[in-house]
K.L.:
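Can you keep this structure in mind? I'll have questions shortly.
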Amino acid sequence: MDRACWSGSSSSSSGSRARLSTALQPAHLQVCRAAAVDDIAEQHQQQQPTASQAVPAVEALQQQQQQLQQQAEVLQQLSFSHRHGLHDSQGRLMLKNLTLPELEEWCCAVGEDPRRALQIWRWLYYDNNWVASLQDTLGKQNGFSQRFIDKAQQLASVDGGLLLEQMAAAKDGTTKLVFKLTEGKGAGGSVEAVLIPMTHRRGSRKHITLCVSSQVGCAMNCQFCYTGRMGLSGNLTTAQIIEQMVVACRVLAADPSADASITNVVFMGMGEPLHNYEAVMAAVEVMCQPLGLHMSHNKVTVSTVGLVDVLERFAASSNVQLALSLHATTDEVRDWIAPVNRRHNLAALTAVLRQHYGTGNAAGRRVLVEYTMLAGVNDSLQDAQRLVALLEGVDAKVNLIMFNPFQGTRFKPSTIEQVLAFRSVLIQAGRICTIRDSRGDDEMAACGQLGNPALSSKAAPILPPPPQFEHVLA
């Protein structure tokens, strides 16, 4: 049965077409046209037939080029066309890059009722669907006709640009998912996501936190982070971020013993999320769409090391949760262990927090401050007192993170006694302060342990410490 809509769509054909016709101004249309054509041309510049392939191959290539040109002409008219990385290696639009309103635009532009978008959306994202191909819906209730499948597959793909290559289970039940990138600038590289089970206090049913990556490597060069040693190889697309969650849903559904679903998503894997802002925020919108993956905004957390200019944009426009990776209480130490501080210092960072997450703010927003405890570097009781002062006027909860060592690191974890003493200072000052358990560290799946610097061609530099800390690293 081929139905153009799934009950519950709030869009009308005329409304969507009206939006489409008025959304673009001439200058923006020129940008869209250039982006669409350049994106496709770049991915196909190497795909030239050899002489031995003869006439049939040439004709096939000409036909393919005609289809790609048709796709480019379609994309010229869409409001999201200025974004790069939307296409697969065949020049087809990857639909998992799109939010639901954008998918409606695309359906309208290719001559389909915009309500078709919700049908596609539900098959991609709704509970126990998560199809890998439109062909998988053939013959099923609310599935697609062969006619539509043939049409759609010429122009678009529902592939996520990732291939699950490996799963590693730690003793505590944490599972690391290792993906190979099959599309985009980072094709051939790998990224990792982590499923972290948590038993609910009121019962035995587990809740699952999914930790997703937003980049291949990271440009922030935090000195204590394994991912930071890789440098940055490239940004993930929205599709590649979403695919991590879709695959994780499939993994849990295929395991009867799991008896759990994803209840929280944290952007705390590989990469700095705000350094890939557009792709990350589109992914957040996809995750939180109630007719698909239906995550609550309160259960999605985006972490940042402190890109102040982008953080202002995030705080002003997003209602998902914010986690700030602070890790130091003086500019001298933070310049060293989190060198982004050289561009966005503590004064600028805390000013933004007070503006958007100030004590008693009308929206009731609270920031989660993450603080990795490094022995002899940032774990003194004076550091704890400075942290209290830094957060004055900010509605914040502090999460102390036990440092997870890795091969080649110069840092050591603080003792549990020092961590508890540090925490006591914050609690006595009236702060909520928790200690994060190390989860999955025996499989390099814990906080700060994701990635593989050995595979990177852009290893980040190791920075010299301030003189007073040289003995700590000896």
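Note that the coordinates shown come from a computational prediction; the quantities given were computed from them, not determined experimentally. Below, each value reflects all heavy atoms present in this structure, side chains not excepted, and no hydrogens, waters or symmetry copies.
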K.L.:
Looking only at heavy atoms, which two atoms of Leu291 and Arg122 are closest? And how far apart?
P.N.:
O-CD, 3.3 Å
K.L.:
Kindly write out the residues that satisfy side-chain hydrogen bond (donor to acceptor under 3.5 Å, both in side chains) with Glu392, not counting sequence neighbours, or none if the list is empty.
P.N.:
none
K.L.:
Only pairs at least two apart or in different chains count here, so list each salt bridge (charged side-chain N to carboxylate O under 4.0 Å, His left out) that has a residue in residues 308-329.
P.N.:
none
K.L.:
I'd like to know whether NE2 of His275 has more than 12 heavy-atom contacts from other residues, nucleotides or ligands below 6.0 angstrom.
P.N.:
no
K.L.:
As an exercise, state the distance from CG of Leu100 to CD of Gln289, rounded to the nearest 0.5 Å.
P.N.:
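Rounded to the nearest 0.5 Å, the CG-CD separation comes out at 5.0 Å.
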K.L.:
Would you find a donor on one side and an acceptor on the other, under 3.5 Å apart, between the side chain of Arg354 and the backbone of Val394?
P.N.:
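The answer is no, because no donor-acceptor pair under 3.5 Å joins these two groups.
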K.L.:
Identify the heavy atoms of Asp88 and Met94 that sit nearest to each other, and give their distance.
P.N.:
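Smallest heavy-atom distance, with atoms named: N-CG, 3.7 Å.
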K.L.:
Donor-acceptor check, side chain of Ser213 to backbone of Glu192, threshold 3.5 angstrom: yes or no?
P.N.:
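It does hold such a pair.
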K.L.:
Output yes when Arg366 and Asp395 qualify as a salt bridge under the 4.0 Å nitrogen-oxygen rule, no when they do not.
P.N.:
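Here Arg366 pairs with Asp395 in a salt bridge, since their nearest N and O are under 4.0 Å apart.
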K.L.:
Looking at Asp159, is its backbone amide N or carbonyl O close enough to the side chain of Ser157 to form a donor-acceptor pair, meaning the two atoms are under 3.5 Å apart?
P.N.:
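Checking the backbone N and O of Asp159 against the side chain of Ser157, a donor-acceptor pair under 3.5 Å is found.
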K.L.:
What are the two closest non-hydrogen atoms of Met220 and Pro339, and how far apart are they?
P.N.:
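Closest heavy-atom pair between Met220 and Pro339: O-CG, 3.5 Å.
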K.L.:
For the residue pair Ser79 and Glu105, confirm or rule out a side-chain donor-acceptor distance under 3.5 Å.
P.N.:
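Their side chains do contain a donor-acceptor pair, which is all the 3.5 Å distance test asks for.
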K.L.:
Testing the basics here: between Cys288 and Val320, what is the closest heavy-atom pair and its distance to 0.1 Å?
P.N.:
SG-CG1, 4.5 Å
K.L.:
With distance as the sole criterion, is a donor-acceptor pair present between the side chains of Glu370 and Asn399 under 3.5 Å?
P.N.:
no
K.L.:
When you compare the side chains of Ser214 and Asn276, does any donor N or O come within less than 3.5 Å of an acceptor on the partner?
P.N.:
no
K.L.:
Looking at Arg229 and Ala460, would you say the former's side chain and the latter's main chain have a donor-acceptor pair under 3.5 Å?
P.N.:
yes
K.L.:
Applying side chain to side chain contact (heavy atoms under 4.5 Å, CB included), run through Val280 and Leu274 and close with a yes or a no.
P.N.:
CA-CA 8 Å; Val280 165; Leu274 296 193; 5.8 Å; no
K.L.:
From Phe314 CZ over to His356 NE2, what is the distance, rounded to the nearest 0.5 angstrom?
P.N.:
11.0 Å
K.L.:
My understanding is that only one of Tyr226, Phe469, Trp336 makes a ring-ring contact (aromatic ring centres under 6.0 Å, His included) with Phe411; could you say which?
P.N.:
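Among the candidates, only Trp336 passes.
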K.L.:
Does any N or O in the side chain of Glu272 come within less than 3.5 Å of the main-chain N or O of Val305, such that one atom is a donor and the other an acceptor?
P.N.:
yes
K.L.:
Assess the side chains of Gln119 and Glu112: does a donor N or O sit below 3.5 Å from an acceptor N or O?
P.N.:
no
K.L.:
Say whether, by atom type as modelled, one donor and one acceptor occur between the side chain of Glu183 and the main chain of Leu181 under 3.5 angstrom.
P.N.:
no
K.L.:
For Leu162, run the side-chain contact (heavy atoms from CB on, under 4.5 Å) check against Ile242, Thr182, Val191 and tell me which one passes.
P.N.:
Val191
K.L.:
Yes or no on side chain to side chain donor-acceptor pair (under 3.5 Å) for Asp383 and Thr329, after CA distance, side-chain angles and deciding distance?
P.N.:
CA-CA 6 Å; Asp383 280 304; Thr329 61; 2.7 Å; yes
K.L.:
Give the ring-plane orientation class for Tyr371 versus His327, where under 30° counts as parallel, over 60° as perpendicular and anything between as tilted.
P.N.:
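Plane angle between 30° and 60°, so tilted.
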K.L.:
Could you work out, with side-chain hydrogen bond (donor to acceptor under 3.5 Å, both in side chains) as the rule, every residue matching Ser414, not counting sequence neighbours?
P.N.:
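With neighbours one apart ignored, the set is Asp379.
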K.L.:
Would you say the side chains of Asn97 and His87 form a donor-acceptor pair under 3.5 Å?
P.N.:
no
